[in-house]
Amino acid sequence: MVKTSVKEIYRETGKFMGQVVELSGWVRTIRASNAFGFIELNDGSFFKNIQIVFESSLDNFKQISDLGTGSAIKVSGTVTESEGAKQPFEIKAVSVTVVGEADEDFPLQKKRHTFEYLRTIAHLRPRTNAFSAVFRVRSLVAFAIHKFFNERGFVYVHTPIITGSDCEGAGEMFKVSTRDFDKIPRKDDGKIDFSKDFFGKETNLTVSGQLAVENFCAAYRNVYTFGPTFRAENSNTQRHASEFWMIEPEIAFADIFDDMELAEDMMKYIIGYVLENAPEEMQFFNDFIDKGLLERLNFVLNSDFARVTYTEAIELLEKSGKEFEYPVKWGADLQTEHERYLTEELLKKPVFVYNYPKEIKAFYMRLNDDNKTVAATDLLVPGVGEIIGGSQREERYDKLVSRIEEMGLNKDDYWWYLDLRRYGTNPHAGFGLGFERAIMYITGMQNIRDVIPFPRTPKNAEF
RNA sequence: UCCUCGUUAGCUCAGUCGGUAGAGCGGGUGGCUGUUAACCACUAGGUCGGCGGUUCAAGUCCGUCACGAGGAGCCA
């Protein structure tokens, strides 16, 4: 008898045919008559189930027939060709041991559930086809990202989760404190006395590792972070979460064009990796989640991403004659409807928009020679919208200081960031890829809450 | 945070003109010798999201709160 996995049997069927194997896993569905029955077993190793045939000759036949969906069992049996039409092979059971029965109120049924309902049972949803596929792909994409950067000699840097830097500036932050909320120490003027708090200063959960990773960029040349990120915005959309993961590479002696090239290479690499390593899951997404998915991803793999400047994008939108709810105007940020129209209808592929007006972008982005735009880029993709935001960083000390002052920020808060511009400064660039948005793009899933194991959104941290 | 829609059995939903609650699936019981969301029969299961109002009468109309979803903003 060979202990094996469902995946191995699928991948090397010939080797196992006629052999007695031992499997263990969870019952996905069960159908029984008084003489025999069928179990679809999923052992976690593979997207697909394997069919177990059990006959009334087994001494615990009745116990097996009465098992509910979700039960854990151990099976030994012979791998045989199947008489049924829907599977090429099956296991003829020699014995079935009940390891852990599922109570009769196990919520997952053999029919379609709404994603909305499944979010309320996030602890059980990985046992469904869709979520089993999503989270295996999520795992593979994470690995592919590390593999991509590792193969190119990038150093993986762990930037802090708790940050004392109050100048990250990318949104509302979650406060980190050990103080008793009922007895917050205050100074004479009534302001909170952070010197009495754990770190002796105000601390928050990070909203970006970028400022920190730039320092390591000036040591290792090519670096990246990949970790959790927190935004306390009251955002209620299908593509925002309060806790999400972000990949932020930073490359030295590089400009905005090198940056876009890196982003394009990375996207293609991870798409290719997932198509190769999770074909069953990807086929499932194509069949049940998004009919055009595989065609679109294959097209993306084999074509160049579009690159248009912000100014060109405005012209394209104006020339399109399309009526927008928000008017298109140079100087104003592109609205979601503009972005979607650009990538989904006008160009029908991923597009980098770059060189945005400086007024609508962050202080650290490099000022272009026109003095009006900065070397920033957003990657827009069909179906998801903005998936990457990046820029060439302002490496010139004086220009950076004047941008900080222009935006009403305090230069002293950025002393270590400014030091980089005093000690061996160089042109460098980077971007942030929203990990979950990449998963959405690759799987066709439409809600960020369905690509995070236990999603955190405003008013929701149940699990 | 704003706009729109929604909340009825464990799940997915129907419920007409305001007249006191329905189906399928799931559960239970029994049957069935190759099933594929198996099938057949029987059966149990409801504070119609909460509160207030209109009415002889509210799942149904009005108000309000809570929760959820979609869209917008913020952004990855």
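By convention in this document, chain letters (A, B, ...) are assigned in the order of the sequence lines, proteins followed by strands, and residues within each chain are numbered from 1. The basis for the numbers below is simple: all heavy atoms, side chains too, and nothing from hydrogens, waters or symmetry mates.
Residue-environment remark: CZ (A/F135) exceeds the threshold of 12 foreign heavy atoms within 6.0 Å. Within a 6.0 Å radius of NZ in A/K175, other residues, nucleotides and ligands contribute 12 heavy atoms or fewer. The environment of A/K349 atom NZ is dense: over 12 non-hydrogen atoms of other residues, nucleotides or ligands sit within 6.0 angstrom.
No contact: A/L108 has no heavy atom under 4.0 Å from any strand. Residue contacts for A/E325: at a heavy-atom cut-off of 4.0 Å it reaches no nucleic acid atom on any strand shown. Among the heavy atoms of the strands, none lies under 4.0 Å from A/T69. Within the nucleic acid shown, A/E90 comes within 4.0 Å of at least one base atom, counting heavy atoms only. Residue A/D105 is out of contact with every strand shown, counting any heavy-atom pair closer than 4.0 Å.
Closest to the side chain of A/S82, from the set B/A72, B/U35, B/U33, is B/U35. Among the nucleotides B/G10, B/G70, B/U12, the one closest to the side chain of A/R449 is B/G70. Comparing atom distances between the A/N447 side chain and each of B/G73, B/U35, B/G70 picks out B/G70 as nearest. For A/R119, taking side-chain heavy atoms from C-beta onward, the closest of the listed nucleotides B/A76, B/A69, B/G34 is B/A69. Of the candidates B/G70, B/A72, B/A76, the closest approach to any side-chain atom of A/Q238 belongs to B/G70. When distances are taken from the side chain of A/K92 to each of B/C75, B/G34, B/G73, the shortest belongs to B/G34. Comparing atom distances between the A/E83 side chain and each of B/G34, B/C75, B/A72 picks out B/G34 as nearest.
Comparing the P positions of B/C48 and B/U20 gives a spacing of 15 Å, expressed to the nearest Å. Using P as the reference atom, B/G34 and B/C40 are 15 Å apart when rounded to the nearest Å. Taking atom C1' on both B/U8 and B/U47, the two are 12 Å apart, rounded to the nearest angstrom. Rounded to the nearest Å, the gap between the C1' atom of B/U12 and that of B/G26 is 11 Å. Nucleotides B/G52 and B/A58 are separated by 13 Å at their P atoms, to the nearest Å. Across B/C2 and B/G73, the matching C1' atoms stand 8 Å from one another, rounded to whole Å. B/U16 and B/C61 have their C1' atoms separated by 16 Å, with the value rounded to a whole Å. Spacing of P atoms, B/G59 relative to B/G19, comes out at 10 Å, to the nearest Å.
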Could you list the donor-acceptor pairs under 3.5 angstrom formed between side-chain atoms of residues 96-106 of chain A and any protein atom two or more places apart in sequence or on another chain?
none

With a 3.5 Å cut-off and sequence neighbours excluded, list the donor-acceptor pairs that the side chains of residues 279-287 of chain A form with protein atoms.
| residue | atom | partner | partner atom | Å |
| --- | --- | --- | --- | --- |
| A/E280 | OE1 | A/R11 | NH2 | 3.3 |
| A/E280 | OE2 | A/R11 | NH1 | 3.0 |
| A/E281 | OE2 | A/R136 | NE | 2.8 |
| A/Q283 | NE2 | A/D287 | OD1 | 3.1 |
| A/N286 | OD1 | A/L293 | N | 3.2 |
| A/N286 | OD1 | A/L294 | N | 3.0 |

Can you pull every protein N or O that's under 3.5 Å from an N or O on nucleotides 37-41 of chain B?
| residue | atom | partner | partner atom | Å |
| --- | --- | --- | --- | --- |
| B/A37 | O4' | A/K110 | O | 3.4 |
| B/A38 | OP1 | A/K110 | NZ | 2.6 |
| B/A38 | OP2 | A/R31 | NH1 | 3.0 |

Could you go through nucleotides 1-5 of chain B and list every protein N or O atom that sits under 3.5 Å from one of its N or O atoms, giving the distance for each pair?
| residue | atom | partner | partner atom | Å |
| --- | --- | --- | --- | --- |
| B/U1 | OP1 | A/N234 | ND2 | 2.8 |
| B/U1 | O4 | A/N234 | O | 3.3 |
| B/U1 | O4 | A/N236 | ND2 | 2.8 |

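Remark: A/E337 does not engage A/R340 in a salt bridge, criterion side-chain N to carboxylate O under 4.0 Å. Ion pairing between A/R437 and A/E386 fails under the 4.0 Å rule for side-chain N and carboxylate O. Taking 4.0 Å as the cut-off between side-chain N and carboxylate O, A/R296 and A/D290 count as a salt-bridged pair.
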Only Watson-Crick and G-U wobble pairs with both distances less than 3.5 Å should count. Give RNA chain B in dot-bracket notation, marking inter-strand partners with |.
(((((((..((((.....[..)))).(((((.......))))).....(((((..]....))))))))))))....
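The salt bridge (charged side-chain N to carboxylate O under 4.0 Å, His left out) contacts involving residues 66-93 of chain A comprise A/E55-A/K92, A/K62-A/D66, where partners must be two or more places apart or lie in separate chains. Annotation: ring pair (Phe, Tyr, Trp, His ring centres under 6.0 Å) contacts involving residues 65-95 of chain A, sequence neighbours excluded, comprise A/Y10-A/F89. Sorted by first and then second residue, the pairs that involve residues 438-450 of chain A and meet side chain to side chain donor-acceptor pair (under 3.5 Å), not counting sequence neighbours, are A/R119-A/D450, A/R125-A/D450, A/N447-A/R449.
Under 3.5 Å, the side chain of A/Q109 and the base of B/G10 form at least one donor-acceptor pair of N or O atoms.
Checked against the 6.0 Å centroid criterion, the rings of A/Y364 and A/Y414 do not qualify as a close aromatic pair. Separation of the A/F115 and A/F131 ring centroids falls under the 6.0 Å cut-off.
Between A/F216 and A/Y220, the two ring planes are parallel [angle under 30°; tilted spans 30° to 60°].
In this structure, the OH atom of A/Y326 is 14 Å from the P atom of B/G71, given to the nearest Å.
Checked against side-chain hydrogen bond (donor to acceptor under 3.5 Å, both in side chains), A/D259 has no partners two or more places apart in sequence or in another chain. Residues forming a side-chain hydrogen bond (donor to acceptor under 3.5 Å, both in side chains) with A/N215 (at least two apart in sequence, or on another chain): none.
Heavy-atom distances under 4.0 Å link RNA chain B to A/G432, A/G434, A/R437 of residues 429-445 of chain A, given in residue order. Proximity of residues 346-353 of chain A to RNA chain B (heavy atom under 4.0 angstrom from any strand atom) is not detected for any residue.
Stacking is found between A/F244 and the pyrimidine-like six-membered ring of the B/A76 base under the 5.5 Å centre-distance and 30° plane-angle cut-offs.
Regarding contacts with the backbone of B/G31, every side-chain N or O of A/N34 stays at 4.0 angstrom or more from both OP1 and OP2. Remark: A/Q335 is not in phosphate contact with B/A72, judged by side-chain N or O atoms under 4.0 Å from OP1 or OP2.
Cation-pi check for A/R112 over A/F288 is not met; the charged atom does not lie both under 6.0 angstrom from the ring centroid and within 45 degrees of its normal.
Each of A/T311, A/T373, A/N368 was compared with A/N355 under the side chain to side chain donor-acceptor pair (under 3.5 Å) criterion, and only A/N368 meets it.
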